[in-house]
A.B. asks: 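Starting off with a structure, shown below.
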Amino acid sequence: MWWLLSLYLRTLFGAYLIQLLSTFIELPSIQLSSIYLSIVSFIQSLYPEVYPKSQHYPGIREKTLGGEFVRNVDSSCHFNFLADNQYQNINAFEIASLTFKAGINAIDDLSPAFDRAPTYGESLLRFAPLPHWSMPLKILFYATLVFRLAILFPLRVAFFISSFVFIGILGIYAVFTELTDRQKTLIGPIYGKLFCLGTGTIIVGHNRQDMPRKPGIAVSNHLSPNDVQILFADLRYGDLQYVVTGQKHKGVIGLVEKMVSRLCRALWFERGNTKERMEFLTDVINIARADGPVLLFPEGYCTNNTSVLQFRKAVFEEDVNIYPIAISQSGIYGDSYWFEDKFHMYLLRLFFSWAVVYNIHYLPKMRRLKGETNLQFAQRTSSTIGQAIGLPQCQFSGSLWYNQSDKRKMLNVEKDCIAQRLLPYLSTISCDSEVSSTGDTDDSSFVNVSSDDANISSSRVLVSVQN
Amino acid sequence: MGNSSSLMLQDDEIEEISKETEFNRNQIVRLYSRFLSLDKKGQGFLSRDDFLNVPELAVNPLGDRIVDAFFTLAEETNQMNFRQFVRILAHFQPISRNKENNLNSRKDKLRFAFQMYDLNKNGFITREEFKVILNSMVGANITSEQLEKIADRTIEEADTDQDGKISFEEFCKAMEKTDIEEKMSIRFLN
């Protein structure tokens, strides 16, 4: 029996060394990981598909106009149907019906971005076979399960611990000695690569010639708190380092953040504190104009990679180089989106996954155009990122999902919009009314219903819901 | 793990639902996948909170009414299973031209809308009931006087027998010129 255990441990150690070497001696790593992925996807393909294939995932309906809530470029909001000319003379019942329909449509709008990532086929990431599989498929499944539990899991844990030991030792070293810039640009990628081995992340880089440079800001869409390490892992040794930013965290992530700030340039801020946030913003812009690149995730929230949420516009200033980075993942091997309640549950799931496959697309530098507002520039950037990886733009910001006060604000904006539409209807009722709404023909006119009776300032409809 | 749990929907169940609602297999799988992700607690049914947690529904002025109408139609107080969920969405399929007595006939769509306004479920929309709806739609953006006028006018226009309330027949007549297909239909993906 002992020889079996010792053989197992030797195999593990061998695999650890091979993986370590193949990652740090760069050439064969790409081949090894791609061979591994094609084996996994071949095994997966033997199992029946679970979801109808189409480009719309995870939708249940066609996203048509009318009845949906729309955010304009100027950040005003309205129900799409309110701006549509064909709805000029509708009665209150009909307005209610359209609002109603908008509500039904809502079931399929923002929320799918915060589900676990969709997979069309069987991912074999389960822990028990499905009852209707045939016997050979069940046996094959158990074989893959043993591989995940006995080989993948211990290796991942070993690498994860290695990454912490590496950064821990350097962290202690950095307390006594000031690290040179050259040293720092080495630490980032090495730590990132170890961490990626620990979480099973495989990076496929595209257009590395467009990688972010100084001075400027690198902006990326956001999938998980590990995105930072992953982007670091893809840096070239001794080339440059990102200035990392992020919200202050507690627990495991907080610990990582503390170590990180010893070893590279980092800006942490408290999201809840307005004053701190403003100072943070000034810092970021200053660094971005002279130095950097600062690494930012303007969505502000992680998504499962089915759409690009609305960007926060604050950093999209004049004279700032923006380097967009588009990340897409292949959820079939393992989902990078953190949907668990606890971070350690998330890590455990990654340890048991086949891999986390990240396609990182570096996109050419962007600058704010003449006459462009921050918001327009932010939207242009986010749509560039979305186009690069084939993701639709989401009209909403993630705060609508997480933030109660944003929901209340938005609700009031919607009510304003409906009120605006109902008031002209009122004018057709009573001739003595002072309301005049005859010129209600262009798309934006519902905002400008002007009358003493309709005592609503257009500015309230143009309330910016965010920022 | 993953969305593969959609396979838990058995073939015969899919077939039954498909007969009942005219949704095809792919649509049912999509709806089921959506149902599972709405069911955050994994209870196998949806509660009011599950719906109100959907932000776009929470910000809809009629969000509460919509959720209410859902549960009234499901004839449940606070639990909705997948069959009931699909049946309700079936009302929003484009109008069926083959069968008259289906979930998505013109008349059925109108009944669905009617039920939304008939708050106390007595078969009539009263002026007071409609004012409640209007009020939740506009918040404090319209004076109560203006609101009264709108409610009065809407009821008057539809109230052909002049009893001060609107029956389902009167409602249908009032909506005669309305493009119900377009206002009460959703194009579901295949």
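No hydrogens, no waters, no symmetry mates; every other heavy atom, side chains included, goes into these values. Chain A is the first sequence line, chain B the second, and so forth, proteins listed ahead of strands; every chain is numbered from 1.
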A.B. asks: Count the heavy atoms of every other residue, nucleotide or ligand shown that sit under 6.0 Å from CZ of Arg48(B), and state whether that count exceeds 12.
C.D. replies: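 Count over threshold, so yes.
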
A.B. asks: Could you grab the distance from atom CD1 of Ile418(A) to atom CG of Leu62(B), nearest 0.5 Å is fine?
C.D. replies: 6.5 Å

A.B. asks: Kindly give the heavy-atom pair with the smallest separation between Lys415(A) and Ser136(B), and that separation in Å.
C.D. replies: CE-O, 3.1 Å

A.B. asks: Give the interface residues of residues 112-124 of chain B toward chain A, defined by a heavy-atom separation under 4.5 Å.
C.D. replies: Phe112(B), Met116(B), Tyr117(B)

A.B. asks: Identify which part of Ile88(B) has an atom lying under 4.5 Å from any heavy atom of chain A, answering side chain, backbone, both or neither.
C.D. replies: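 Neither part.
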
A.B. asks: With only heavy atoms counted, which part of Ile166(B) is less than 4.5 Å from chain A, the side chain, the backbone, both or neither?
C.D. replies: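 Interface part for Ile166(B): side chain.
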
A.B. asks: What do you reckon, is NZ of Lys173(B) surrounded by more than 12 foreign heavy atoms closer than 6.0 Å?
C.D. replies: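 No, not enclosed.
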
A.B. asks: Measuring heavy-atom distances to chain A, does Asp152(B) have an atom under 4.5 Å in its side chain, in its backbone, in both, or in neither?
C.D. replies: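 For Asp152(B), neither part sits under 4.5 Å from chain A.
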
A.B. asks: Kindly check if the number of other-residue, nucleotide or ligand heavy atoms within 6.0 Å of CG (Asp341(A)) is above 12?
C.D. replies: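 It does not: Asp341(A) CG has 12 such atoms or fewer within range.
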
A.B. asks: Sequence neighbours left out, what passes ring pair (Phe, Tyr, Trp, His ring centres under 6.0 Å) with Tyr337(A)? Give chain and number order.
C.D. replies: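 By the ring pair (Phe, Tyr, Trp, His ring centres under 6.0 Å) rule, Tyr337(A) matches no residue at all.
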
A.B. asks: Going by the rule side-chain contact (heavy atoms from CB on, under 4.5 Å), which residues pair with Leu145(A) if we only count those two or more places apart in sequence or in a different chain?
C.D. replies: Phe127(A), Phe141(A), Tyr142(A), Arg148(A), Leu149(A)

A.B. asks: Can you list the residues that meet the side-chain contact (heavy atoms from CB on, under 4.5 Å) rule with Asn135(B), with sequence neighbours excluded?
C.D. replies: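 Only Leu147(B) meet the side-chain contact (heavy atoms from CB on, under 4.5 Å) criterion with Asn135(B).
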
A.B. asks: So with a 6.0 Å cut-off around CZ of Arg87(B), is the heavy-atom count from everything else above 12?
C.D. replies: no

